[in-house]
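Report on the following structure.
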Amino acid sequence: MIDVTAAAPRHVLQTVFGFDDFRPHQEAIIRRVVSGQNALVVMPTGGGKSLCYQLPALVREGTGIVVSPLIALMKDQVEALRQLGIRAAYLNSSLTRAERQDVKRQLRAGAIDLLYVAPERAMMASFQRALGQIDPALFAIDEAHCISEWGHDFRPEYLQLAELRRRFPQVPCIAVTATADAPTRQAILERLDLGEDDLFVTGFDRPNIRYTVRPKRKARPQFWRFVQSEHPQGAGIVYCLSRKRVEQTADWLTRKGREAVPYHAGLSDAARQEHQDRFLREDDLIVVATVAFGMGIDKPDVRFVAHLDVPKSLEAYYQETGRAGRDGRPADAWMVYRLSDIVRMRKILQGDSDTRDEHEWTQHHKLNALFGYCETTDCRRRVLLNYFGERMEGARCGNCDNCLDPVDTWDGTVAAQKVLSCVYRTGQRFGAGHVTDVLLGRDTKKIRRFGHNEVSTYGIGADRSKKAWRSVIRQLVAKGLLHVDVTGYGALQLTEACRPVLQGDQDVQLREDPEPVAATQTKKAQREDFSDAPADQALFEALRTRRTELARKQDVPPYVIFHDATLRAMVEHRPDSLDAFRQLSGVGDVKLDRYGAAFLEVIQAHEA
Ligand code: ADP
Ligand code: ZN
């Protein structure tokens, strides 16, 4: 047990958490809450929200009460705190009655620094009585957007938390969330009776995530090249649209020698639970999943999120890719897509909504924004942030594919005219495949049947490859010059916007699709990472192995012992004494005592 009461926040930061300095905004928020005022913190995933309530709970007298809807996470969250020597506990339906009684007894005895509770339990009469007998240090409302009907994850039980505020007006309240647009923020402030002054909004940006989007050719080999070159180890999530693709992709990866497990709604609860547990507890596992996977996953060291099929909107994309790199270390968001995927998704979304109304229009609009993002030659981070109403400083982020490998563009006016005329001449009733065949002047049954070898555009595109025409068509759709009719077989149709192009009054700039050789390979060195020197790699491996041994013994996830960032710091600094070891980021007093010697031993063995 540690005695930190009345200690300065910075002292606690260094001795308990083992961090040198606060992240942007943390200090101001922490000081505010320590002084008894409130805060609503809107900060992206991985920004360091938890510290904003954990640290004040230690500095202030009494127990910090953390309300969270994510019951499945509580055990690991509490374990991570206990590893730091913090007296943490949780109360939820997964405990037996006796266990719950025990926690409440400790609560009354003042033996708990931080207590995690589910919202419905926080409102139970028995819990409220217990609260009445103690002095809560603060209330922290995690996932605070759940209180708003405007948010995407409204939970009625969250509305009752307003009552908690009325009963304990003197207890500071800190609400935190990663996703809250303006109406949602307003709703949180009102419901929790917070003021405008309490609001802290930091940007949405996740600078450590590198965004890459490639035209899909053969998704699996493309993905394989990517993981082999960028992530030969480490955990990742791969999203596919259907259960079947999920199963096949997981099998394929495992056969290739990279262990992967499937996750989708068709698996039994037990299988899903098992795969999720393995993901949390193993260092190098890949989960291949439908969107069913991810909510309530709190693994900090997910190194990549790959989309082999497109998500349904940029919001979904940002949320899914946001699961990468919560620890702030370099991570990848990697996606491949093709026109037919967008068309397929459009069909699915139309099928979803029974009424063809505003909702459908919104979905359509959102999918177009995603498509625009895929096709952009601009900085991807800029496009993303723009979409969420935020401006990026500077024109280029330097950490997306378009910034790292600026896209070549070419004058595609004539090519566009050829496609548009060909669509027109064949009656606007055929999809991209057939139109391409006509352009190429191929001899197919379909072409003969419809007499398309007679039209004036037959064979006018023989100067380019099939792949090149596919790329042109895809980009014309993205630019709104062609429309895909998804009510039938995906026929291409002209839009009003293509008139000036056909008349020669408007040029069309197209992007050169990158070649499949991983362009990212050359850029690897730019990541501020330790060198690829074999000795460094070997030491990192040995440290991971030691971490896994220690984690297994206690049946906890490895990252609660030390994050990868701390292991990397060990490789970089090669501490040779406990004193040197305690300088590493992520090493506080308790972890130094518990694990310092065990890791120093590994480092020394490597120096020898
Ligand atoms: P969030 O809840 O906002 O998603 P977390 O609180 O989980 O983010 O923090 C993300 C990561 O950043 C964690 O690995 C955490 O240990 C680390 N972290 C937080 N604050 C600091 C800091 N001041 N210095 C170094 N690392 C930090
Ligand atoms: Zn960029």
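For ligands, and for the atoms within them, numbers begin at 1 and follow the listed sequence.
The closest donor-acceptor contact from the side chain of R574 to the backbone of V571 lies under 3.5 Å. Looking only at distances, a side-chain donor or acceptor of R60 sits under 3.5 Å from a matching main-chain atom of A137.
Considering only heavy atoms from C-beta on, Y158 stays 4.5 Å or farther from I188 through its side chain. Between K479 and F371, every side-chain heavy-atom pair lies at or beyond the 4.5 Å cut-off.
Taking any N or O of R23, backbone or side chain, at least one lies under 3.5 Å from an N or O belonging to ligand 1. For ligand 1, none of its N or O atoms has an N or O atom of L51 under 3.5 Å away.
Heavy atoms of P300 stay at 4.0 angstrom or farther from ligand 1. Under a 4.0 angstrom heavy-atom cut-off, D21 registers as being in contact with ligand 1. Under the 4.0 angstrom criterion for non-hydrogen atoms, A565 is not in contact with ligand 1. At least one heavy atom of G46 lies less than 4.0 angstrom from ligand 1.
Residue-ligand proximity, S50 to ligand 1, at heavy-atom distances under 4.0 Å covers atoms 2 (O), 5 (P), 6 (O), 7 (O). For ligand 1 and T45, the ligand atoms under 4.0 Å from any heavy atom of the residue are 4 (O). Those atoms of ligand 1 that come under 4.0 Å of a heavy atom in P44, given as number and element, are 3 (O).
A cation-pi contact, defined as under 6.0 Å to the ring centre and within 45° of the axis, links R380 to Y373.
Distance from atom 9 (O) of ligand 1 to its nearest protein heavy atom, with residue and atom name: G48 CA, 3.5 Å. Nearest protein neighbour of atom 11 (C) of ligand 1, counting heavy atoms only, is R326 O, 3.4 Å. Ranking protein heavy atoms by distance to atom 16 (O) of ligand 1, first place goes to F19 CZ, 3.3 Å.
Neither the backbone nor the side chain of A178 has any atom closer than 4.0 Å to an atom of ligand 1 (non-hydrogen atoms only). Contacts of F22 with ligand 1, taken as heavy-atom pairs under 4.0 Å, involve the backbone alone.
Aromatic ring orientation, F17 versus F19: parallel (interplanar angle below 30°, classes split at 30° and 60°).
Which of H563, Q26, Q14 comes nearest to atom 19 (C) of ligand 1 through a heavy atom is settled by distance: it is Q26.
Other residues, nucleotides and ligands place more than 12 heavy atoms under 6.0 Å from the CZ atom of R278.
The SG atom of C397 and the SG atom of C379 subtend an angle of 100° at the Zn ion (ligand 2), given to the nearest 10 degrees.
Between the side chains of H231 and D332, at least one donor N or O sits under 3.5 Å from an acceptor N or O.
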Requested in this report: Start with the C-alpha gap between F388 and Y318, add the side-chain angles, then the distance that decides, and say whether ring-ring contact (aromatic ring centres under 6.0 Å, His included) holds.
Outcome: CA-CA 10 Å; F388 294 110; Y318 206 63; 5.0 Å; yes
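In this structure, Y53 has its ring center at least 6.0 angstrom away from the ring center of F139.
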